[in-house]
Amino acid sequence: MLKPISWGAVTVALALTLPVLVQAASPKKAPERGYYDVSRLAPLTDQAGDPVNGRKLAAGKGLCLSCHVMPIPEQADHGDVGPDLAGVGSRLQPPELRLRIADPKVLNPDTPMPSFFKKDLNRLPPNLKGQTVLTAQEVEDVVAYLATLK
Ligand code: HEC
């Protein structure tokens, strides 16, 4: 005669394997902090960053000069809220630069530096709601520019 099934054992076995199965079946959830997966510091695009455009963005749309001294002498009035970025390409590797631009709040929740690649920031003008300040390619361009500051 077959041994009667021990339902207790079945329940225990299910309880142990079910979470694993469910996790394997469901797609990977986006990280809590939202838009940028900090465990993945690889380039955001396939196209290499353009340092010349990155320099333009730093002096223009990125507003980096309002807080940082940078080797961009043609523009006056560099701010000093953040550190001087001359030589930053020697201090930080591209993945570190990328994280600091994409979402510096990951490193320092109290930083005044904006997260340039995060959606739904609170203090954005209405026309930028749901968008990032810089596009993925623009982040790469700025990273490429900063990497030249040795
Ligand atoms: C509102 C001011 C502000 C703006 C705008 C700003 N930053 Fe910053 N940034 C800071 C501050 C302050 C720090 C110092 C680190 C911190 O607060 O966590 C910093 C740190 C950095 C660092 C790390 C430097 C180091 O030596 O460790 C980099 C790189 C950087 N910023 C790049 C940029 C770039 C590129 C832009 C423009 C796209 C920019 N920042 C715009 C305030 C700003």
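We count ligands from 1, going down the list as the structure has it; atoms in each ligand are counted the same way. We use all heavy atoms of the structure for the numbers below, so side chains are in, but hydrogens, waters and symmetry mates are not. What you see is a predicted model; the values in this text were computed from it and never measured.
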Sub-4.5 Å side-chain heavy-atom contact between Leu85 and Leu146
yes

Shortest non-hydrogen contact from [X] toward [Y]:
| X | Y | result |
| --- | --- | --- |
| Tyr145 | Ile72 | OH-CG1, 3.5 Å |
| Glu138 | Lys61 | OE1-NZ, 2.7 Å |
| Ala147 | Leu97 | N-CD1, 4.0 Å |
| Leu44 | Glu140 | N-OE2, 3.0 Å |
| Asp141 | Asp50 | OD1-N, 2.8 Å |
| Met70 | Ala58 | CE-CB, 3.9 Å |

Look only at the side chain of Gln137 and the backbone of Thr45, and say whether a donor-acceptor pair between them is shorter than 3.5 Å.
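Such a contact is absent between Gln137 side chain and Thr45 backbone.
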
Counting only heavy atoms, tell me which of [options] gets closest to [atom].
| atom | options | answer |
| --- | --- | --- |
| atom 4 (C) of ligand 1 | Gly54, Cys67, Gly62 | Cys67 |
| atom 28 (C) of ligand 1 | Leu85, Leu65, Leu134, Leu97 | Leu85 |
| atom 31 (N) of ligand 1 | His68, Met70, Arg100 | His68 |

Heavy-atom distances under 4.0 Å are what count here, so tell me which part of [X] touches ligand 1: side chain, backbone, both or neither.
| X | value |
| --- | --- |
| Pro104 | neither |
| Leu146 | side chain |
| Leu63 | backbone |
| Val142 | side chain |
| Leu57 | neither |

Distance (rounded to the nearest 0.5 Å) between Met113 CE and Cys64 SG
7.0 Å

Out of all atoms in ligand 1, which are within 4.0 Å of some heavy atom of [X]? Include the element for each.
| X | answer |
| --- | --- |
| Thr111 | 16 (C), 17 (O), 18 (O) |
| Asn108 | 16 (C), 17 (O), 18 (O) |
| Pro112 | 1 (C), 12 (C), 17 (O) |
| Arg91 | 25 (C), 26 (O) |

Residues, nucleotides or ligands: over 12 heavy atoms within 6.0 Å of Asn108 CG:
yes

For atom 8 (Fe) of ligand 1, does an N/O/S atom of Met113 lie at less than 2.8 Å?
yes

Does Cys64 bring an N, O or S atom to within less than 2.8 Å of atom 8 (Fe) of ligand 1?
no

Return the residue, atom name and 0.1 Å-rounded distance of the protein heavy atom closest to atom 14 (C) of ligand 1.
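Answer, as residue, atom name and distance: Pro83 CD, 3.4 Å.
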
Starting from atom 11 (C) of ligand 1, what is the nearest protein heavy atom, named by residue and atom, and what distance separates them?
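Protein heavy atom at minimum distance: Gly82 CA, 3.5 Å.
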
Contact between Ala58 and ligand 1, counting heavy atoms under 4.0 Å?
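Flag not set, Ala58 not near ligand 1.
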
Judging by distance only, is a nitrogen or oxygen of Ser66 under 3.5 angstrom from one on ligand 1?
no

Only one of Glu96, Arg98, Gln93 clears side-chain contact (heavy atoms from CB on, under 4.5 Å) with Val143; which?
Arg98

